[in-house]
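One-based numbering, in listed order, for ligands and for the atoms of each.
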Amino acid sequence: MSYDMNNIFAKIIRGEIPSDKLYEDEHVLAFKDIRPQAKVHVLIIPKGPYVSAQDFSEKASDAELAAMHRAIGKVAKAVGVAVTGYRVIANTGADGRQEVPHYHIHILGGQNMGRMVALD
Ligand code: 5GP
């Protein structure tokens with residue numbers, strides 16, 4: 001799958017649509033999910049054009065890979081869930097039910113997150 005330069009997260013990175021930013025560095029941007037599914041729901045995305053976790057895993061530089069994972073801990077601290085805990089999700093491709101075709105990590109917390117997976 002080729003990268004769609006007009007996906008919603010590409011527009012957020014370019015500043016064409018607003019987002020509620022929580023963290024930013026050279027490689028990564030984090031912002032609140034527009035339809036939160038928990039008391040805390042943050043998205044972390046790479047600034048580079050990667051379609052999915054698979055694409056990112058295969059093509060990102062070591063610096064980009066490190067920045068994404070480092071951002072998890074920084075964002076968790078910033079939103080107050082580092083001690084209480086949280087769930088990290090990266091929906092990937094069709095079976096993963098990924099909706100936005102730009103790699104992103106969900107950070108969900110602020111409450112007990114229940115069972116890991118519900119199939120519907
Ligand atoms: P996915 O199902 O692809 O893993 O998750 C995509 C997420 O992006 C959803 O949780 C959805 O609420 C969020 N989202 C979609 N459009 C926007 C937007 O324009 N702004 C923000 N902040 N989040 C969005």
Side-chain angles (χ1 to χ4, degrees):
M1 186 184 190
S2 63
Y3 184 78
D4 171 12
M5 291 301 293
N6 286 318
N7 79 77
I8 200 85
F9 293 169
K11 290 180 179 174
I12 285 175
I13 291 166
R14 292 196 295 267
E16 293 168 8
I17 64 167
S19 67
D20 204 341
K21 280 185 201 173
L22 294 167
Y23 174 76
E24 182 170 16
D25 64 28
E26 183 186 354
H27 297 298
V28 171
L29 182 63
F31 51 90
K32 291 184 182 174
D33 195 292
I34 204 167
R35 288 185 296 275
Q37 295 184 47
K39 286 181 183 164
V40 170
H41 189 172
V42 180
L43 298 170
I44 304 176
I45 67 174
K47 290 183 173 175
Y50 302 104
V51 175
S52 66
Q54 186 66 33
D55 193 34
F56 186 73
S57 171
E58 291 175 1
K59 296 177 188 161
S61 68
D62 289 354
E64 290 172 306
L65 285 158
M68 278 296 281
H69 229 278
R70 294 271 185 225
I72 294 173
K74 291 175 185 171
V75 167
K77 272 190 181 166
V79 298
V81 298
V83 173
T84 50
Y86 52 93
R87 181 163 293 154
V88 179
I89 297 175
N91 297 321
T92 305
D95 280 354
R97 300 271 287 267
Q98 180 179 357
E99 289 173 9
V100 177
H102 180 110
Y103 175 44
H104 51 282
I105 291 173
H106 298 257
I107 303 283
L108 294 143
Q111 63 188 79
N112 186 301
M113 292 308 301
R115 292 176 56 187
M116 186 167 70
V117 172
L119 300 176
D120 62 7

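Listed for the Q54 side chain is no donor-acceptor partner under 3.5 Å among the backbone atoms of F56.
Remark: ligand 1 and I34 share an N or O pair separated by less than 3.5 Å (distance only, no angle test). Checked by distance only, ligand 1 and H104 come closer than 3.5 Å through their nitrogen or oxygen atoms. In terms of N/O distances under 3.5 Å, ligand 1 is approached by K32. Residue contacts with ligand 1: H41 is placed with no nitrogen or oxygen under 3.5 Å of a nitrogen or oxygen of the ligand (distance criterion only).
Within the 4.5 Å cutoff, no side-chain heavy atoms of I44 are placed close to those of H69. With contacts defined as side-chain heavy-atom distances shorter than 4.5 Å, the pair R14/M5 qualifies. Contact annotation: the side chain of Y86 never approaches that of V40 to less than 4.5 Å [non-hydrogen atoms, C-beta and beyond].
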- Query: So M113 and I89, side-chain contact (heavy atoms from CB on, under 4.5 Å) or not? Walk me through it.
  - Reply: CA-CA 12 Å; M113 292 308 301; I89 297 175; over 6 Å; no
- From CA spacing to verdict: ring-ring contact (aromatic ring centres under 6.0 Å, His included), H104, H102: CA-CA 6 Å; H104 51 282; H102 180 110; 7.9 Å; no
- Task: For Y50 and Y103, run ring-ring contact (aromatic ring centres under 6.0 Å, His included): C-alpha distance rounded to whole Å, both residues' side-chain angles, the deciding distance at 0.1 Å, then the answer.
- Result: CA-CA 6 Å; Y50 302 104; Y103 175 44; 8.1 Å; no
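With hydrogens left out, the protein atom closest to atom 19 (O) of ligand 1 is I8 CG1, 3.4 Å, a heavy atom. Ranking the protein heavy atoms by distance from atom 10 (O) of ligand 1 puts D33 OD2, 2.5 Å first. From the protein, the heavy atom lying nearest to atom 3 (O) of ligand 1 is E99 N, 2.6 Å.
The H106 neighbourhood of ligand 1 comprises atoms 1 (P), 4 (O), 5 (O), 7 (C), 10 (O), with distances under 4.0 Å to a heavy atom of that residue. The R97 neighbourhood of ligand 1 comprises atoms 2 (O), with distances under 4.0 Å to a heavy atom of that residue. Of all the atoms in ligand 1, the ones that sit under 4.0 Å from a non-hydrogen atom of Q98 are 3 (O). Heavy-atom proximity to N91, at under 4.0 Å, picks out these atoms of ligand 1: 1 (P), 2 (O), 4 (O).
At a heavy-atom distance under 4.0 Å, only side-chain atoms of F9, from C-beta outward, approach ligand 1.
The two atoms that bring D55 and P49 nearest to each other are OD2-O, 4.1 Å, heavy atoms only.
Contact annotation: K11 has no heavy atom less than 4.0 Å from any atom of ligand 1. Residue contact annotation: L43 has a non-hydrogen atom under 4.0 Å from ligand 1.
The salt bridge (Lys or Arg N to Asp or Glu O under 4.0 Å) search around R87 returns none, not counting sequence neighbours.
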